[in-house]
Amino acid sequence: MFIHFDGHFDGSSGRRVQASGIAETGSANCANCANSLEVTLLVIFDCDGVLVDSEPLANASFSRALKAQGLDWSAEETIRRLMGLSLKSALEICEAEIGRKLPDDFLEKMQAVTYQSFRDAPLMPVAGVKEAVLALQAAGVATCVASSGTPEKMRFTLGLTGLWDLFDGRIFSASQVPRGKPFPDLFLHAAIAMDVQPFECTVVEDAVPGVQAARAAGMRALAYAGAPHAHREALQAAGGRLFDDMKQLPDLVLS
């Protein structure tokens, strides 16, 4: 159930005021609502690959850790198979491939190596994304983050890249919902928390499971395909509108 509001919208907080009445939404698969979208009140950003340029570094670390366990996937293969999924889902897929459980300390050790690679590189924001977020906020559009990553990981990566303050208090993780992407739970959770109807949301994603989740939630999906590893055809087939440069994002949202 989503709250229906009559009144004005406070873009700085993501809240609408002078609320009255309650309206029920139907199925999460409200693609027609998103297709008929007239105005975006909230932009929901994925984190990895959309806000922070972490996918190559993280998947190189994941690939090395998997090889030590007997699963010989390159970083490219790891991206292709696991990008956009929660760590829980990714580990389940890997364990099914290996045919056994990974060691209890696998994730802890891998993340320690990954975080150090982020510090050493150093990890950078996706080119142009900070300016795009600021432009949207200046135009009165609310923004938040909804990622398959853990809250701890997002605090680290967004803090390291200087983006944390842009979203502080409006950051949501798949760990907060029963099902991660490609299910719509996380994006619907973010919409409820921000007091916005799903069909008034635009999601910015770079992974197929994320685009699928956005469309299942009845939200518009913009698919960032500016990275070399982007699966352009798959993103488009999942229902995402492709764009290659974050400089394009404000116009895509506001037009």
Engineer: Please report whether the ring centroid of F187 lies less than 6.0 Å from that of F172.
Structural biologist: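 Centroid distance F172-F187: not below 6.0 Å, so no.
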Engineer: May I ask you to decide if G84's main-chain N or O and S148's side chain share a donor-acceptor pair within less than 3.5 Å?
Structural biologist: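 Answer holds: yes.
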Engineer: What I'd like to find out is whether the side chain of V204 reaches to under 4.5 Å of the side chain of D46, using heavy atoms alone.
Structural biologist: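 No - every pair of side-chain heavy atoms lies 4.5 Å or more apart.
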Engineer: If I take atom CG from residue D165 and atom CG from residue L158, how far apart are they, to the nearest 0.5 angstrom?
Structural biologist: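 Spacing of CG (D165) from CG (L158) equals 10.0 Å.
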Engineer: Could you please spell out the steps behind the side-chain contact (heavy atoms from CB on, under 4.5 Å) verdict for M194 and I44?
Structural biologist: CA-CA 10 Å; M194 298 292 289; I44 304 174; over 6 Å; no
Engineer: Checking R215 side chain against M219 main chain: does a donor-acceptor pair fall under 3.5 Å?
Structural biologist: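 Yes, because the side chain of R215 sits within donor-acceptor range (under 3.5 Å) of the backbone of M219.
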Engineer: Is there side-chain contact between L41 and C201, with heavy atoms separated by less than 4.5 Å?
Structural biologist: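 A side-chain contact is absent here, since even the closest heavy-atom pair is not under 4.5 Å.
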Engineer: Treat each ILVMFWY residue as a node, draw an edge where side-chain heavy atoms are under 4.5 Å apart, and state whether V253 and L166 are in one component.
Structural biologist: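 Yes, it is one cluster - the side chains of V253 and L166 are joined through contacts under 4.5 Å.
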Engineer: Hey, any chance L222 and L242 share a hydrophobic cluster, counting ILVMFWY side chains that come within less than 4.5 Å of each other, even indirectly?
Structural biologist: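 No: no chain of side-chain contacts under 4.5 Å links L222 to L242.
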Engineer: Tell me yes or no: between the side chains of T202 and T40, is some donor less than 3.5 Å from an acceptor?
Structural biologist: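 Note: T202 and T40 side chains meet the donor-acceptor criterion.
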Engineer: With a cut-off of 3.5 Å and sequence neighbours excluded, list every side-chain donor-acceptor pair involving residues 117-132.
Structural biologist:
| residue | atom | partner | partner atom | Å |
| --- | --- | --- | --- | --- |
| S117 | OG | T114 | O | 2.6 |
| R119 | NH1 | Q116 | OE1 | 3.2 |
| D120 | OD1 | Q116 | NE2 | 2.9 |

Engineer: Please determine whether side-chain contact (heavy atoms from CB on, under 4.5 Å) holds for the pair K153 and D48, giving the CA-CA distance in whole Å, both sets of side-chain angles, and the decisive distance to 0.1 Å.
Structural biologist: CA-CA 10 Å; K153 181 183 178 184; D48 293 300; 3.3 Å; yes
Engineer: Do Y224 and I79 belong to the same hydrophobic cluster, where Ile, Leu, Val, Met, Phe, Trp and Tyr are linked whenever their side-chain heavy atoms lie under 4.5 Å apart, directly or via other members?
Structural biologist: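 Looking at the clustering, I79 is in a separate group from Y224.
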Engineer: To the nearest 0.5 Å, tell me how far L160 CG sits from R155 CZ.
Structural biologist: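 Rounded to the nearest 0.5 Å, the CG-CZ separation comes to 13.5 Å.
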Engineer: Is a side-chain N or O of E108 found less than 3.5 angstrom from the main chain of D105, in a donor-acceptor match?
Structural biologist: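 Judged by distance alone, no pair lies under 3.5 Å.
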Engineer: Is a side-chain N or O of T161 found less than 3.5 angstrom from the main chain of T157, in a donor-acceptor match?
Structural biologist: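 At least one qualifying donor-acceptor pair exists.
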Engineer: What's the spacing between K67 NZ and D72 CG if we round to 0.5 Å?
Structural biologist: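 Going from NZ on K67 over to CG on D72, the span is 5.0 Å.
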Engineer: Should the ring pair Y115 and F156 be called parallel, tilted or perpendicular, given that the plane angle runs from 0 to 90° and is split at 30 and 60?
Structural biologist: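 Rings of Y115 and F156: parallel, as their planes differ by under 30°.
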Engineer: Looking only at non-hydrogen atoms, find the nearest pair between S255 and L252 and report the distance.
Structural biologist: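 Looking at all heavy atoms of both residues, the shortest contact is OG-O, 3.5 Å.
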Engineer: Is there a donor-acceptor contact under 3.5 Å from the side chain of S173 to the main chain of G149?
Structural biologist: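 Pair found, side chain donor or acceptor close to backbone of G149.
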Engineer: Return yes if some donor-acceptor pair links the side-chain N/O of E95 with the main-chain N/O of E92 below 3.5 Å, else return no.
Structural biologist: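 No, the answer is negative, given that no donor and acceptor are paired below the 3.5 Å cut-off.
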Engineer: How about R241 and R220: do any of their side-chain heavy atoms sit closer than 4.5 Å?
Structural biologist: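 Yes - at least one pair of side-chain heavy atoms lies under 4.5 Å apart.
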Engineer: If I take atom CZ from residue F167 and atom OG1 from residue T143, how far apart are they, to the nearest 0.5 angstrom?
Structural biologist: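 OG1 of T143 is found 5.0 Å from CZ of F167.
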Engineer: Atom CG of L42 and atom CD of Q197: how far apart are they, to the nearest 0.5 Å?
Structural biologist: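 CD of Q197 is found 12.0 Å from CG of L42.
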Engineer: Can you tell if the side chain of M83 reaches within under 4.5 Å of the side chain of H229, non-hydrogen atoms only?
Structural biologist: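 Side chain of M83 against side chain of H229, heavy atoms only: contact under 4.5 Å found.
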Engineer: Would you mind listing the cluster partners of L87? Hydrophobic ones only (ILVMFWY), side-chain contacts under 4.5 Å, chaining allowed.
Structural biologist: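 Members besides L87, by chain and number: F62, L66, L71, W73, L82, L85, L91, I93, I98, L102, F106, L107, M110.
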Engineer: Indicate yes or no: at least one non-hydrogen side-chain atom of L249 is less than 4.5 angstrom from one of M246.
Structural biologist: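 Yes, their side chains come closer than 4.5 Å.
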Engineer: Could you check whether any side-chain heavy atom of L235 comes within less than 4.5 Å of a side-chain heavy atom of E205, counting everything from C-beta outward?
Structural biologist: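 The answer is no; the side chains never approach within 4.5 Å.
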Engineer: Using the rule that Ile, Leu, Val, Met, Phe, Trp and Tyr join whenever any side-chain heavy atoms are under 4.5 Å apart, tell me whether F183 and V208 fall into a single cluster.
Structural biologist: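 No, no single cluster joins them.
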Engineer: Please examine the side chains of Q69 and R100, heavy atoms only from C-beta on, and report whether any two atoms are closer than 4.5 Å.
Structural biologist: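 With C-beta onward as the side chain, the pair touches.
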Engineer: Could you walk me through whether H189 and Q176 pass the side-chain contact (heavy atoms from CB on, under 4.5 Å) check?
Structural biologist: CA-CA 8 Å; H189 172 72; Q176 298 172 297; 3.9 Å; yes
Engineer: Does the pair S175 and T150 meet the rule for a side-chain contact (heavy atoms from CB on, under 4.5 Å), with working shown?
Structural biologist: CA-CA 6 Å; S175 63; T150 64; 5.5 Å; no
Engineer: Heavy-atom distance under 4.5 Å between the side chains of D206 and E55, does that happen here?
Structural biologist: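 Sidechains of E55 and D206: in contact.
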Engineer: Among the clusters formed by ILVMFWY side chains lying less than 4.5 Å apart, do V43 and V211 turn up in the same one?
Structural biologist: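 Shared cluster, no.
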Engineer: Looking at R81 and E77, does any basic side-chain N land under 4.0 Å from a carboxylate oxygen?
Structural biologist: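 Looking at R81 and E77, the cut-off is met.
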Engineer: Give a yes or no answer on whether the side chain of D168 reaches the backbone of W164 with a donor-acceptor pair at less than 3.5 Å.
Structural biologist: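 Side chain of D168 to backbone of W164, a donor-acceptor pair under 3.5 Å: no, none is there.
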